[in-house]
Amino acid sequence: MPTLSLEPPVTHVLASGPDRLRSSAKAEDLERHSCVMFLRYEWIEDSLKEGKLMPPDPYRLIVHNTSIEKSLTSSTTTTATVAVGCLQMLIAPIAGPQKLNHKGKEESGALGEVVSSMIGKEGKQKKGRGGESDSEEERTKEEDCRGDILTRYLGTTAPAAADALEPCSTSLNTHITRILWELHDLYEGVLDDGNRALIYRKVASEIDKLSYKVTSASQLDKMEGIGQSTRVKIKEILRTGKLEMLEVLLANPKVSVLQLFMSVWGIGPKTATEMYNRGYRTLEDLKRESSLERMPRLGLKYYADILQRIPRVEAVELEKVVVGVAKELYPGVLAQATGSFRRGKASCGDIDFVISHPDGNSHRGLLAKLVARLTDIQFISDGLQDRSRGPQAPGHYEVDTYMGLCKLQGARHYRRIDIKVYPIRAHPFGLLHFTGNDIFNRRIRELAKKKGYKLNDHGLFPTVGEGQNIRSGTESIPCATEREILEKLGMPYLEPHERNW
DNA sequence: AGGCTGTACTG
DNA sequence: CAGTACA
DNA sequence: GCCT
């Protein structure tokens with residue numbers, strides 16, 4: 001992998017978020033011992049805007065895991081003073097957008113994103129789910145597609161250089177995991193196989209955690225979740241430093257286009273492929289397509305903003321606005337930001353709110369009023385859901401959802417915001433669900449299933465009946481807190497920051 | 001061979 | 001229903 | 001692609 005020199009004349013390393021730096025003992029040392037500062041990219045934006053170098057402390061990225069919030073809000077530290085006369089951005093080689101997508105919604109924040117946005121390329125941000133196959137014709141079976149792609153592209157054309165961006169990882173094994181993470185991204189995206197993506201995610205993250213450098217595949221023998229196929233790939237990586245299959249995939253221009261399209265909010269593998277087949281190749285092309293629905297339209301309209309991560313300091317302000325307005329309208333309301341924000345991340349892809357009211361009644365119609373008020377004060381700009389039919393009361397759950405865009409007064413970027421309103425009995429379940437992360441959720445749901453329950457964001461439902469008639473009861477086991485839910489599952493309580501699985 | 005978490009909204 | 005999204 |  002490309003090694004990044006942090007020697008002079010490099011003085012500043014800019015990133016959109018610290019998550020890639022977060023296993024950060026080593027990064028902290030780096031900052032202490034070399035004359036390099038790790039800063040949020042807003043530092044340079046502000047510096048350019050002001051025409052002078054801004055003080056670095058409010059923009060610092062190096063934080064201690066145990067005191068993320070404190071570190072980020074503190075502006076009084078005066079640690080390293082560096083030579084700032086020569087502003088040298090650290091720009092790693094970028095071969096194309098597909099090289100930048102090492103980031104999930106919240107695992108992200110690597111340099112690539114920033115660098116790409118600053119040099120005017122289209123950075124990539126992964127979205128939830130996968131991609132369509134890269135095959136020329138549509139197939140009816142996904143299996144066929146994948147098999148086809150893999151055999152068709154394996155060892156055919158010459159690969160392009162695959163210098164992935166992994167500059168600030170503290171992992172000793174990025175020579176391996178860089179490639180596994182790319183496979184994860186591809187399977188979650190273009191290759192449209194979330195289950196396989198999950199395998200690569202798990203293996204990559206396990207290997208990244210190792211405290212030694214892997215030089216032989218046999219060192220991974222006792223690691224769970226590595227099977228024949230992955231082992232063979234790792235051997236090839238160790239032998240040649242690359243993976244032919246990946247090189248070939250990444251060299252395919254269609255892959256890049258599909259990934260670009262899927263980086264738009266509301267465009268998944270099917271739509272991306274459809275647009276590709278219609279001959280579109282750029283985002284500008286897409287804007288001309290009239291058939292696109294509301295979500296991708298807004299995704300395109302706010303494309304650049306949505307790609308930007310939300311620094312924690314800003315998320316704090318966003319939370320103040322929503323919680324403040326909610327309390328103003330409904331005294332006693334329970335309202336808080338959840339998602340990666342609640343898990344203590346130093347930057348978030350979007351901001352999620354879970355709201356309820358202890359009086360057991362006020363949740364009805366709350367969301368409509370709240371959204372109306374937030375729109376009035378010009379906080380909410382666009383709704384990604386059609387609320388014209390008024391608040392829905394889906395089934396007997398009475399959960400109400402809003403997804404949209406918002407902006408702080410005077411802020412630089414529009415931000416993705418989700419608001420969910422629950423009846424009070426479901427509130428702890430909603431909180432648990434929307435705090436995540438997704439892996440954690442899947443694990444506890446799996447556990448619930450094994451114990452004869454179904455867990456979702458409305459409740460914990462005993463499974464009743466047998467054989468063909470197996471189904472879930474309609475009455476949830478009551479739980480007043482997240483702790484109670486986990487206890488019912490036989491799990492110890494985990495603080496939100498301990499749910500970053 | 002079949003599971004892999006579970007749900008809501010849109011058109 | 002298929003597609004996309006949310007954690 | 002791994003696990004059962």
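The sequence lines fix the lettering, A, B, ..., with proteins before strands; numbering per chain opens at 1.
Here C:dG3 is the nucleotide among B:dT7, C:dC6, C:dG3 with the atom lying nearest to any side-chain atom of A:Thr271. Picking from C:dT4, B:dG6, D:dC2 the nucleotide with the shortest atom distance to the side chain of A:Lys454 gives B:dG6. Listed nucleotides: B:dA8, C:dT4, C:dC6. Nearest to the side chain of A:Asp352: C:dC6. Out of B:dA8, C:dA7, B:dT7, the shortest distance to the side chain of A:Asp350 is found at C:dA7. If you check C:dA5, C:dC6, C:dA7 against the side chain of A:Met295, the one that comes closest is C:dA5. When distances are taken from the side chain of A:Ile199 to each of C:dA5, D:dC2, C:dA7, the shortest belongs to D:dC2.
Atom-to-atom, CG of A:Leu198 to C1' of C:dA7 comes out at 14 Å; the value is rounded to the nearest Å. Taking atom CG on A:Asp418 and atom C1' on C:dT4, their separation rounds to 13 Å, with Å as the unit. As rounded to whole Å, 9 Å separates atom P of D:dC2 from atom CZ of A:Arg196. We find that CZ of A:Phe261 is positioned 18 Å from P of C:dG3, with the value rounded to whole Å. Here the C1' atom of nucleotide C:dA7 and the CD1 atom of A:Ile485 are 14 Å apart, to the nearest Å. In this structure, CG of A:Leu489 is placed 12 Å from P of B:dG6, rounded to the nearest angstrom. Note: NZ (A:Lys202) to P (D:dC3) measures 7 Å, nearest angstrom. Taking atom CZ of residue A:Arg342 and atom C1' of nucleotide C:dC6, one finds them 16 Å apart after rounding to whole Å.
Counting non-hydrogen atoms under 4.0 angstrom, A:Leu455 reaches the backbone sugars and phosphates but no base. Across all strands shown, A:Tyr200 has heavy atoms under 4.0 Å from sugar-phosphate atoms exclusively, and none from any base. Looking at heavy-atom distances under 4.0 Å, A:Thr435 makes contact with sugar-phosphate atoms alone, never a base. Counting non-hydrogen atoms under 4.0 angstrom, A:Lys233 reaches the backbone sugars and phosphates but no base.
Between D:dT4 and B:dT5, the two P atoms lie 14 Å apart (nearest whole Å).
Two rings, from A:Phe261 and A:Tyr276, have their centers 6.0 Å or more apart.
At a cut-off of 3.5 Å, with distance as the only test, no side-chain donor of A:Glu487 or A:Tyr493 sits close to an acceptor on the other residue. With no hydrogens or angles considered, no side-chain donor-acceptor pair links A:Arg309 and A:His413 at under 3.5 Å. A:Thr282 and A:Asp285 share a side-chain donor-acceptor pair at under 3.5 Å.
Neither OP1 nor OP2 of C:dA7 sits under 4.0 Å from any side-chain N or O of A:Arg445. The phosphate of D:dG1 (OP1 or OP2) has a side-chain N or O of A:Ser229 nearer than 4.0 angstrom. When the side-chain nitrogen and oxygen atoms of A:Arg442 are compared with OP1 and OP2 of B:dT5, one or more of them lie within a distance under 4.0 Å. Between A:His458 and B:dA8 there is a side-chain polar atom (N or O) within less than 4.0 angstrom of OP1 or OP2. Listed pair A:Trp265 / C:dG3 fails the phosphate criterion, with no side-chain N or O lying under 4.0 Å from OP1 or OP2. Proximity of A:Asn456 to the phosphate of B:dT7: a side-chain N or O atom is located under 4.0 Å from OP1 or OP2. For C:dC6, neither phosphate oxygen OP1 nor OP2 lies less than 4.0 angstrom from any side-chain nitrogen or oxygen of A:Thr401. The side chain of A:Lys449 contributes an N or O atom lying less than 4.0 Å from OP1 or OP2 of B:dG6.
Qualifying ring-ring contact (aromatic ring centres under 6.0 Å, His included) partners for A:Phe429, counting only residues two or more places apart in sequence or in other chains: none.
Using a distance-only test at 3.5 Å, with no hydrogens or angles considered, no donor-acceptor pair links the side chain of A:Thr240 to the main chain of A:Ile237.
A:Arg416 forms a cation-pi arrangement with A:Trp265, by the criterion of a distance under 6.0 Å to the ring centre and an angle within 45° of the ring axis.
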